[in-house]
Amino acid sequence: MTIRSVVLGCGSYLPQRVVTNAELASRIETSDEWIVQRTGIRERHVAADGEFTSHLAINAARAALAAADVDPQSIDLIVLGTSTPDNTFPATAVAVQNGLGINHGAAFDLQAVCSGFVYALATADNFLRSGSFKRALVIGAETFSRILDWNDRTTCVLFGDGAGALVLDAQQQGEGAAGRGVLTTHLRSDGRHKSKLYVDGGPSSTQTVGHLRMEGREVFKHAVGMITDVIVDAFEATGQSAETIDWFVPHQANKRIIDASAHKLHIAPEKVVLTVDRHGNTSAASIPLALDVAVKDGRIKKGDLVLLEAMGGGFTWGSALVRW
């Protein structure tokens, strides 16, 4: 037997306001056809005035706790992946902790951009397996609408706001891939690529928030190779393969990247969970949002083998293989 981080439940939250491609086309030089053809995105959600990352995260966390049927007071660790915190400090995770009425344990933010949820999952998993904590909330939450240059048609059409969460529980499970829980995680980064995807501001450099800047073609060029690298590592570590996984839940950035990655890895199209058309790129929130959609519609079931992957600015990238 071994200690594993077992998923007890998941939840998500999307702001009420939906912004369609047609609405964007009425404001900037673009079209629905152009956006769909290049990205697969048809609409995205945008947070309301006064609606912060913490509010999205709290709603997603409450939904995950309800799905898991556990008392918030049983949570002793909160790891929040976000690049759009409410404040420079304190951590937005602390606001989530307080919003849930929890005043024990530990809560902190983790910044790995679009890889934030995979990084947060790996971090929480290691804490649970070490015995440091017993039950964790792993959250990805973003309000990227606040860091977009809405006059830059190459970036403002890509992103949306949202949050998703998992409840993880440290449990004794059988050895090998048959046991439930997080089976393996693999994380990477390479800071040489900062200029390809970054925000041109920050407390230490400009004393401003700044706006997202991206070299789209360069990001696309690197994405497929980096994504497949960490997935091959996950397969080698567990003896699994594209044939044995039940579901592939990638970071929802661009349908063409997702399709190309699945094709390169020989993952059948019917195993791929796609939500980018409805959510846009929600950065660290995209994987847990997609997980919640697939759990709610009955695709992902207990015992299924689920492969997660993401790549984000930095560059950062990572994978996780989870027995649901």
Trainee: Can you confirm whether R129 sits close enough to V182 that some side-chain heavy atom of one is under 4.5 Å from a side-chain heavy atom of the other?
Mentor: no
Trainee: Between T82 and D109, does any side-chain donor sit less than 3.5 Å from a side-chain acceptor?
Mentor: no
Trainee: If a pair satisfies salt bridge (Lys or Arg N to Asp or Glu O under 4.0 Å) and one of its residues is in residues 308-324, list it, with sequence neighbours excluded.
Mentor: none
Trainee: So F108 and F127, would you call those rings parallel, tilted or perpendicular, with 30° and 60° as cut-offs?
Mentor: perpendicular
Trainee: Name the one of N21, D277, T20 that satisfies side-chain hydrogen bond (donor to acceptor under 3.5 Å, both in side chains) with R44?
Mentor: N21
Trainee: Between side-chain atoms of residues 261-268 and protein atoms elsewhere (two or more places apart, or another chain), which donor-acceptor pairs fall under 3.5 Å?
Mentor:
| from | atom 1 | to | atom 2 | distance (Å) |
| --- | --- | --- | --- | --- |
| S261 | OG | I257 | O | 2.8 |

Trainee: Side chains of Y119 and V79, heavy atoms from C-beta outward: is any pair under 4.5 Å?
Mentor: no
Trainee: Under 4.0 Å between a side-chain nitrogen and a carboxylate oxygen: does that hold for R17 and E23?
Mentor: yes
Trainee: Will you find, in the side chains of S54 and T92, an N or O donor that is under 3.5 Å from an N or O acceptor?
Mentor: no
Trainee: Pairing donors with acceptors under 3.5 angstrom, does anything connect the side chains of S31 and E33?
Mentor: no
Trainee: Using side chain to side chain donor-acceptor pair (under 3.5 Å) as the criterion, list what pairs up with S319, not counting sequence neighbours.
Mentor: none
Trainee: Sorted by first residue and then second, give each side chain to side chain donor-acceptor pair (under 3.5 Å) pair with at least one member in residues 162-183; sequence neighbours left out.
Mentor: R135-D169, D169-Q171, Q171-Q173
Trainee: Tell me, please, which residues at least two apart from T238 pass side-chain contact (heavy atoms from CB on, under 4.5 Å).
Mentor: L183, T184, Q240, L321
Trainee: Give the intermediate values and the outcome of side-chain contact (heavy atoms from CB on, under 4.5 Å) for residues N103 and Q97.
Mentor: CA-CA 7 Å; N103 56 19; Q97 182 190 38; 6.0 Å; no
Trainee: Salt bridge or not between D246 and R299? Use side-chain N to carboxylate O under 4.0 Å.
Mentor: no
Trainee: With no hydrogens and no angle check, is any side-chain donor or acceptor of E142 less than 3.5 Å from a backbone partner on T84?
Mentor: yes
Trainee: Apart from V167 itself, which Ile, Leu, Val, Met, Phe, Trp or Tyr residues share its cluster (side-chain heavy atoms under 4.5 Å, direct or through members)?
Mentor: L8, I58, L65, V70, I75, I78, L80, V96, L100, I102, L137, I139
